[in-house]
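Taking it in order: structure first as structure tokens, then the write-up.
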Amino acid sequence: MNELNVVPDAASEKKAVLELAVRNHPGVMTHVCGLFARRAFNVEGILCMPVGDGAESRIWLLVHDDARLAQMTLQVEKLEDVLNVRRHGADHAVFERLEAFFH
Amino acid sequence: MEMTGAQLLVRLLEAQGVDTIAGIPGGAALPLYDALASAGTIRHVLARHEQGAGFIAQGMARASGKPGVCLASSGPGATNLVTAIADAKLDSIPLVCITGQVPLSMIGTDAFQEVDTYGLSIPVTKHNYLVRRAEDLPQVVSDAFRIAQSGRPGPVWVDIPKDVQTQRVAAPTVSACVPDQTPEVREEAVLGAAEMINRAERPVLYLGGGVIASGASHLATTLAEQAGLPTTMTLMALGAMPVDHPLSIGMLGMHGARYTNYVLQEADLLICVGARFDDRAIGKAAQFCPEAKIIHIDIDASEIDKIKTAHIGIQGDVTAVLERLLPHVQVQLRKKWLSRVNSLRSSHPLQMPGLDDPRSHYGLVSAVAACLDDEAIITTDVGQHQMWVAQAYPFRRPRQWLTSGGLGTMGFGLPAAIGAALAEPGRKVVCFSGDGSLQMNIQEMATAADEGVDVKIILMNNQSLGLVHQQQDMFYGKRIFAADYKRPTDFIRIAQGFGLDAVDLDRSAHPRASLAEALASKGPTLIHCSIDVNQKVFPMVPPGAANIEMIGG
């Protein structure tokens, strides 16, 4: 099979951070997480909070930056409740600052 | 004026132009059914199994291009729909599926006939809704129809709790939805594609179901004629170009003709229009069209570069892109390449043994075609018969051919044929089926009889799951296991029991005449013919192999 199916060493793996603007209602998280899960694409970290008046939420995802990420991003963009997707490097502060809560 | 959520839903469906829906009632959907009965404006077709209702809705959608609608109750009603909805997702068929749900206050309590319909439907739909307030219905229904038809079409599921159906709301003004605008086509990509086509020496046009969905068959044929492009079609695109068009090289892939796959092997440019490089079409991806650059036109951006990297990818509606592309494509006769294609065609044509015998597999397909004109609609189930029909039937127009491509669902054919007949009552609808497939939704014979639809079932009976039998014979050391049925089933009596006419070609002294007579009559009929279980679909690319590694044919 091709190299994409080989599970890489998580620690050495390059990562990326995705920032999603989504409509805020029950079910959005399932749509997003299910999309990754059924493609066997691991999500390392996830954060979600409502923004503004609560009509929208922002979801932050920490994911592996492998060859499938471009396809995953396109699939996420197709979700009806996802308004836009921005990609950041793994050094984005959002997960780094959070690390204090996990030690 | 006040009305209930259920009454509002009926008004909203009317506003979307829905005149027929297929479904089965049940406790959690009863307010909806009561509202349908009171309004009397929408024809309800009572299926015998919710999967049948889903495929009837699909048949309506595939034949007409407009969203089909199906309706069911909660719990098992919803789970029974899942297969038909998943099938619509994989073949990009516009569908709106409406289910009743237990009352809001009981959701999550394991109430009677409660299932997590919202959760179940996520992976098999384009989008889904759980409606929490009757006042949300106008927006939800409008969005559901808009999403089902816009961009790449697909199924949308709307789950409505029983108390939302009975909740009283003020009647709003309702109107039909407007589909989303199609994406802007990038001019430089179009110009680049035209230049590649103009410069290519051995180009091939590769059409997929997107051409049918976009209503672009004539534009695709014009492109082929203008640029001198040999044209192959996927299973989903059959009919996009008439199969007897001089530029048609037929269906590609696992059961395509040898010459078709050989032509693709030699191509230096592949123009993929509304297709998605499915594994049954392209075989081993790395070895497909090894010498070809690729132009990929698709309305779904996530299809471009998904399986094969495109040298030029153009996101857009196929019609819009081809309209922009055509003025830049030079007229070419391409004598050298087309003569090479014709030479491959004559040295490696599709072999169809027994074509003259109406009681053999290819012969029966051909005999049926001889009785019909291009106005007829052909549906199939899934298996050997499906591939024989795809190979041998002369498809000449879009939406003439309705088949389960992506999901490959046995049981599709009969209910889809009923739906097609409901949507296009002026057309004769013929469902080719096998004994394995037919038994997966055989109860819909009763629905066909109820509705009196002009549906003819051609049952190719080999008392076996033929394609499983074939693969065990070819690839599993001839160990035929769980493929052959132990005893023959009397399908004639079953059909008659459901109220269909039935003709057995096995017992006919003049099978051609019996067939013609049965096809010419009005109303649902079963036409039975035994087929040798050892007949195979050839050529065959072994699963996982490259397309040029064909066996047989």
Side-chain angles (χ1 to χ4, degrees), chain A residues 1-6 14 16 18-43 46 48 50 52-57 59 61 63-87, chain B residues 86 89 92 104 107-108 116-133 136 139-140 142-148 150-159 180 183 276-277 279 284-287 296 298-310 313 315 544:
Chain A
M1 294 304 290
N2 63 43
E3 63 278 339
L4 300 183
N5 291 344
V6 178
K14 221 179 128 199
L18 300 181
E19 178 187 1
L20 281 59
V22 302
R23 292 201 187 92
N24 180 17
H25 71 81
V28 175
M29 286 287 278
T30 323
H31 274 268
V32 172
C33 295
L35 188 68
F36 284 87
R38 65 179 171 269
R39 285 174 172 76
F41 196 110
N42 207 24
V43 176
I46 184 161
C48 181
D53 63 359
E56 288 180 21
S57 293
I59 298 178
L61 299 174
V63 295
H64 290 294
D65 183 9
D66 70 21
R68 297 179 301 165
L69 187 57
Q71 170 65 206
M72 282 307 308
T73 308
L74 288 168
Q75 294 291 348
V76 173
E77 285 173 347
K78 275 165 66 173
L79 292 176
E80 195 62 29
D81 289 326
V82 173
L83 304 169
N84 65 62
V85 181
R86 289 169 63 190
R87 184 178 163 165
Chain B
K89 175 80 170 0
S92 306
L104 278 172
I107 287 182
D116 175 14
T117 303
Y118 184 89
L120 276 175
S121 56
I122 290 173
V124 297
T125 55
K126 189 172 171 190
H127 196 52
N128 61 343
Y129 294 94
L130 170 60
V131 183
R132 288 153 210 278
R133 300 178 306 180
D136 293 341
Q139 189 65 50
V140 166
S142 174
D143 284 345
F145 278 83
R146 176 181 57 79
I147 293 165
S150 298
R152 179 179 183 169
V156 179
W157 198 315
V158 181
D159 195 33
D180 293 338
R276 59 181 176 86
F277 294 90
D279 54 279
K284 196 177 207 174
Q287 289 171 38
H296 193 171
D298 204 290
I299 198 157
D300 181 350
S302 71
E303 286 301 342
I304 297 167
D305 297 339
K306 185 180 86 173
I307 305 288
K308 293 286 274 186
T309 304
Q315 190 204 356

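To find a chain, count down the sequence lines: A is the first, B the second, and so on, and within it residues start at 1.
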*Over 60° means perpendicular and under 30° means parallel, so classify the ring planes of His127(B) and His31(A), tilted if in between.*
tilted
*Most heavy-atom pairs under 4.5 angstrom with chain A, which of Arg132(B), Glu303(B), Arg152(B), Lys126(B)?*
Arg132(B)
*Side chain / backbone / both / neither for Asp300(B) at chain A, heavy atoms under 4.5 Å*: side chain
*Grab the two heavy atoms, one from Ser302(B) and one from Leu74(A), that are nearest each other, plus how far apart they are.*
CB-CB, 3.6 Å
*Please determine which of Val156(B), Ile147(B), Asn128(B) meets the side-chain contact (heavy atoms from CB on, under 4.5 Å) test together with Glu80(A).*
Ile147(B)
*asked:* Checking Asp180(B) now: which residues fulfil salt bridge (charged side-chain N to carboxylate O under 4.0 Å, His left out) with it, not counting sequence neighbours?
replied: Arg146(B)
*Return the set of residues passing salt bridge (charged side-chain N to carboxylate O under 4.0 Å, His left out) with Arg38(A) (not counting sequence neighbours), or none when no residue passes.*
none
